[in-house]
Protein chains: 2
Amino acid sequence: MSTSAEDLRAIALAEFTTAGYSATSLHRIADLAGLSKSSVLYHYASKETLLEATVAPAMHRMEEILDALKASALTPEGRAAFLSEFVDFILQYRREVNMFINQGPSLVDVPVIDQANEIVHRLADYFAANTASIEEKMRFGIALGGTAYMLCSPESMAFEADQVDEMRAALLKILMELLAPVTPPVAIGE
Amino acid sequence: MSTSAEDLRAIALAEFTTAGYSATSLHRIADLAGLSKSSVLYHYASKETLLEATVAPAMHRMEEILDALKASALTPEGRAAFLSEFVDFILQYRREVNMFINQGPSLVDVPVIDQANEIVHRLADYFAANTASIEEKMRFGIALGGTAYMLCSPESMAFEADQVDEMRAALLKILMELLAPVTPPVAIGE
DNA sequence: ACAGACTCTGACCGATCGGTCAATTATCGT
DNA sequence: ACGATAATTGACCGATCGGTCAGAGTCTGT
């Protein structure tokens with residue numbers, strides 16, 4: 001049970017998502033871990049390094065998914081398959097996603113967050129590929145931001161493990177409704 | 001043109017939403033207003049007071065709406081009417097709503113934010129009145145958090161004024177879809 | 001011209017921030 | 001048992017935080 005390094009990552013992730021990155025001090029993280037601030041800075045060279053380590057796994061996984069997506073088509077089936085994968089991703093990395101979405105805009109100039117924002121843009125491009133209509137853009141924004149919010153809101157953080165299957169099913173259904181209507185809005189022109 | 005007081009409120013609102021409350025220093029607000037930090041603290045006794053002044057109008061308006069709601073029934077028509085009013089509210093106070101939703105959980109113990117969180121709870125109670133199903137709760141969370149996110153995301157902050165009518169129509173349509181399906185999920189039992 | 005309020009400012013305060021560093025303690029391969 | 005390496009610590013640093021305060025400028029009504 002290697003304490004410290006991995007523990008710190010988990011503690012930092014929880015604090016960053018609940019209290020916010022800039023509102024979380026290294027001292028607090030150290031206290032929660034039962035260490036001194038110096039020890040935290042021994043494992044992670046800086047607060048920003050700790051942030052990077054915190055979000056890196058989720059970011060790499062999301063990049064994987066997006067890279068694999070390039071080849072895939074924009075068919076309704078393609079979207080449904082992608083959404084299913086995306087829901088699994090979001091459930092696994094709910095805290096990280098919440099950080100990207102909620103604090104991404106306020107953490108510009110932090111390299112790893114800029115990278116995350118770029119990923120969000122790639123995601124938006126996928127869903128807005130065939131349309132520039134305001135409604136479609138809003139659907140994407142609501143689906144993404146809403147999911148991120150809901151999965152980390154104090155209320156929903158309560159129910160865990162045993163209801164995860166039900167959550168996944170409901171989330172997938174709602175996102176399909178928002179992003180891949182069974183009756184396509186218009187025949188795709190090209 | 002009474003400078004200062006009202007200007008400061010607007011500047012603080014913009015900074016609190018884009019950079020976050022705890023990441024925004026009084027010094028920065030003063031700079032943006034062309035004043036000294038001392039002047040900011042002359043108009044508002046503390047940073048927290050400034051926050052309260054910033055969000056108070058939106059909070060009072062939302063309380064108005066919720067109070068008026070008590071009498072109204074839970075009929076589909078009631079929901080539709082409420083949603084229309086709610087969309088207007090959200091478009092008018094988009095930044096404030098974004099603050100409530102995104103930073104509410106991290107600003108606990110700030111009285112005015114606790115009050116705001118209570119309002120969100122009242123709202124949730126209205127929509128979850130007849131059901132405790134996970135899906136319904138998720139629908140509400142996604143609708144609320146998604147709308148707040150989308151209306152303050154860097155991309156959507158771009159298009160303004162001229163498209164507001166189109167935005168309202170699209171937003172209302174999407175929220176109706178999420179929260180008041182034309183085909184009620186089940187006949188309401190009681 | 002004068003008094004009193006309103007507005008603004010710089011100097012200053014204690015606390016806390018992220019971060020450095022030298023020294024100490026634990027751990028472990030040999 | 002010993003040396004090396006990893007882990008941890010407290011003392012300390014400059015910067016910045018929110019906030020206080022005494023005073024100076026500005027604007028009134030009289």
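The model shown is predicted, which means the values in this text are computed figures rather than measured ones. Chain letters run A, B, ... following the sequence lines, proteins first, then strands; residues in each count from 1.
We find that OH of Y44(A) is positioned 12 Å from P of dT8(D), with the value rounded to whole Å. In this structure, CD1 of I29(B) is placed 17 Å from C1' of dC8(C), rounded to the nearest angstrom. In this structure, NE2 of H27(A) is placed 17 Å from C1' of dC13(D), rounded to the nearest angstrom. Rounding to whole angstrom units, CG of residue L41(B) and C1' of dA11(C) are separated by 15 Å. Between the C1' atom of dG10(C) and the CG atom of L35(B) lies a distance of 14 Å, rounded to the nearest Å. Spacing between atom CZ of R28(B) and atom C1' of dG18(D) amounts to 17 Å, rounded to whole angstrom units. Rounding to whole angstrom units, CD of residue E6(A) and P of dA7(D) are separated by 14 Å.
Looking at the side chain of K47(B), the nearest of the listed nucleotides dT20(D), dG18(D), dG19(C) is dG18(D). Distance from the side chain of K37(A) is smallest for dG19(C) among the nucleotides dG10(C), dG19(D), dG19(C).
Residue H43(B) places at least one side-chain N or O closer than 4.0 Å to OP1 or OP2 of dC8(C). At least one side-chain nitrogen or oxygen of S25(B) sits closer than 4.0 Å to the OP1 or OP2 atom of dC17(D). OP1 or OP2 of dT9(C) sits under 4.0 Å from a side-chain N or O of S36(B). Residue Y42(B) has no polar side-chain atom (N or O) positioned under 4.0 Å from OP1 or OP2 of dC8(C).
A salt bridge between R122(B) and D125(B) is absent, with no side-chain N of the basic residue lying under 4.0 Å from a carboxylate O of the acidic one. One finds a salt bridge joining R139(A) and E135(A) here, because a Lys/Arg side-chain nitrogen approaches an Asp/Glu carboxylate oxygen to under 4.0 Å.
Counting only heavy atoms from C-beta outward, the side chains of I90(B) and V87(B) never approach each other to under 4.5 Å. A 4.5 Å side-chain heavy-atom check between Q103(B) and L107(B) finds at least one atom pair inside the cut-off.
Within the nucleic acid shown, L26(A) comes within 4.0 Å of sugar-phosphate atoms alone, with no base atom in reach, counting heavy atoms only. Among the atoms of the strands shown, only primed sugar atoms or phosphate atoms (P, OP1, OP2) are found under 4.0 Å from some heavy atom of T24(B). The residue S39(A) sits close to a base: some heavy atom pair falls under 4.0 Å.
Interatomic distance, F82(B) CZ to E77(B) CD, rounded to the nearest 0.5 Å: 15.5 Å.
Counting atom types as modelled, S38(A) pairs a side-chain N or O with a base atom of dG10(D) as donor and acceptor under 3.5 Å.
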